[in-house]
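Data first, discussion second: the structure below is written as structure tokens.
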Amino acid sequence: MGFKVAVVYFSRRGRLVVLANVIAAGARQVPGAEVKVYRVQDPVQGEDPSRFEDGVLDAPPITEQAILEADAIILGAPGRQGGMCGEMRLFLDTWAVHQTQQKLGFGALKGKVGSAFTSVGGHGRGFGGHEAILQSFHATFLQHGMVVVGNPPSSLMEDTMMASPFGVVMAGKEGTTNQPSLTASEVKLAYSMGGWTAQISRMLHDADIDKIDTGLSPPASLPIAIHRSDRGSLAAHAASYPH
């Protein structure tokens, strides 16, 4: 049975459009993957085409239905002064309702795979902060009980500027600050992360995550608290706990 991967970006200059499509291409190499690329609409300044580079608005806007149907969600947004851009942050804030909506006994996004990418560097956007940005994506994923996937260590990282296990980063380059160009090593790492994320998603999908019992309760005999005076009995408590 197939599974769905949604690659979602916010971009004005087109830098992350290229990166999103490379990641999507990597995910498509995994058998059974149905991969689509979406964009986050600008909730503040609207979508006047004159404000965006050619090609940025070609992808369809992301919808709540597409998020709920996806088995893996790979999000990308540019950095702004060391943090995630506001447009993506506002989009992620709309996910809050999914923490309380229930689907087969738990949150609507629980068990989905989450992965992230970003671009940093360039006048007006600030420099660095890429791992903090990626981790802010991860924090949102974890709030929803999603499974966070990054880049497993590989030799590709040795040749990629700002390579990180937290996700894919597109670095700013002097003279081409706003150009949608990627280095050869950035392309390889992005393609690899797309494939890796899709592979993890396929395994979870095939395992039928909805049937995993996440409401396990400890036995009544388990001690609620261990005081300092009880240290000597810690081994006995551990031995009595069912394995």
Side-chain angles (χ1 to χ4, degrees), residues 1-11 16-17 19-30 32-41 43 59-78 84-85 87-104 106-119 133-152 164-170 190-210 212 214:
M1 184 182 297
F3 62 98
K4 295 184 178 182
V5 179
V7 182
V8 187
Y9 67 84
F10 178 81
S11 180
L16 287 179
V17 178
L19 191 53
N21 281 289
V22 173
I23 291 171
R28 289 191 181 100
Q29 298 308 303
V30 177
E34 179 184 332
V35 185
K36 292 185 179 180
V37 178
Y38 301 91
R39 61 183 171 84
V40 170
Q41 293 179 292
I62 186 62
T63 64
E64 181 180 48
Q65 181 178 357
I67 290 294
L68 293 175
E69 291 180 352
D71 296 286
I73 304 168
I74 307 176
L75 300 178
M84 182 193 302
C85 74
E87 293 86 354
M88 179 60 77
R89 183 68 265 168
L90 288 172
F91 168 67
L92 291 179
D93 286 347
T94 68
W95 286 17
V97 65
H98 299 311
Q99 287 180 311
T100 56
Q101 287 182 350
Q102 299 295 304
K103 179 184 178 184
L104 298 179
F106 49 79
L109 303 182
K110 194 170 186 177
K112 295 182 184 295
V113 170
S115 192
F117 58 101
T118 189
S119 65
I133 295 168
L134 295 170
Q135 286 178 297
S136 66
F137 278 111
H138 295 176
T140 297
F141 297 151
L142 292 171
Q143 287 286 344
H144 291 276
M146 297 172 66
V147 179
V148 176
V149 173
N151 263 321
S164 169
F166 298 138
V168 173
V169 183
M170 183 178 184
Y191 188 91
S192 175
M193 192 186 81
W196 177 242
T197 303
Q199 288 182 62
I200 299 300
S201 180
R202 182 180 65 176
M203 288 190 289
L204 289 174
H205 181 271
D206 292 347
D208 197 354
I209 191 71
D210 288 340
I212 295 178
T214 58

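The residues of the chain are indexed from 1 along the displayed sequence.
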Check the angle between the aromatic planes of Phe3 and His205 and answer parallel, tilted or perpendicular using the 30° and 60° thresholds. tilted
Smallest separation among heavy atoms of Trp196 and Pro152, with atom names: CD1-CD, 3.4 Å
Walk me through whether Val8 and Ile74 qualify under side-chain contact (heavy atoms from CB on, under 4.5 Å). CA-CA 6 Å; Val8 187; Ile74 307 176; over 6 Å; no
Taking side chain as C-beta onward, heavy atoms only, is Lys112 less than 4.5 Å from Leu109? yes
Quick one: does any side-chain atom of Arg39 pair with a main-chain N or O of Tyr9 as donor and acceptor, under 3.5 Å? no
How many angstroms lie between atom CG of Leu90 and atom CD of Gln41, to the nearest 0.5 angstrom? 13.0 Å
Run the numbers on Phe137 and Met88 for side-chain contact (heavy atoms from CB on, under 4.5 Å), then give the verdict. CA-CA 10 Å; Phe137 278 111; Met88 179 60 77; 3.7 Å; yes
Least distance between heavy atoms, Pro61 atom then Tyr38 atom: O-CD2, 3.8 Å
Under 4.5 Å between any side-chain heavy atoms of Leu92 and Met84, yes or no? yes
Does Leu134 reach the side chain of Val169, with side-chain heavy atoms less than 4.5 Å apart? yes
For Leu75 and Val7, run side-chain contact (heavy atoms from CB on, under 4.5 Å): C-alpha distance rounded to whole Å, both residues' side-chain angles, the deciding distance at 0.1 Å, then the answer. CA-CA 6 Å; Leu75 300 178; Val7 182; over 6 Å; no
Any heavy-atom pair between the side chains of Phe117 and Val22 that's under 4.5 Å? no
For the side chain of Ser136 and the backbone of Ile133, is there at least one donor-acceptor N/O pair under 3.5 Å apart? yes
Show the numbers, then the answer: is there a side-chain contact (heavy atoms from CB on, under 4.5 Å) between Val5 and Asp71? CA-CA 6 Å; Val5 179; Asp71 296 286; over 6 Å; no
CD of Gln143 to NZ of Lys110: how many Å apart, nearest 0.5 Å? 12.5 Å
If I take atom CD1 from residue Ile23 and atom CZ from residue Arg28, how far apart are they, to the nearest 0.5 angstrom? 11.5 Å
Kindly indicate whether the side chain of Phe10, heavy atoms from C-beta on, has any atom under 4.5 Å from the side chain of Ile62. no
Residue pair Ala108 / Leu68: nearest heavy atoms and the distance that separates them: CB-CD2, 3.8 Å
Test your reading of the model: is there a side-chain donor-acceptor pair from His138 to the backbone of Phe166, 3.5 Å cut-off? yes
Any chance you could measure Ile73, atom CD1, to Thr140, atom OG1, to the nearest 0.5 Å? 11.0 Å
For Leu19 and Ala190, the nearest pair of non-hydrogen atoms, with its separation, is CD1-CB, 3.5 Å
Between Arg202 and Thr197, does any side-chain donor sit less than 3.5 Å from a side-chain acceptor? no
Donor-acceptor pair, side chain of Thr118 and main chain of Ala77, under 3.5 angstrom: yes
For Met193 against Ser115, the heavy-atom pair lying closest together: CE-OG, 3.4 Å
Approximate separation, where rounding is to 0.5 Å, of Thr94 OG1 and Glu64 CD: 7.5 Å
Return the CH2 to CZ distance between Trp95 and Phe141, rounded to the nearest 0.5 Å. 5.5 Å
Where do Val113 and Met146 come nearest, in terms of heavy atoms and distance? O-CE, 3.7 Å
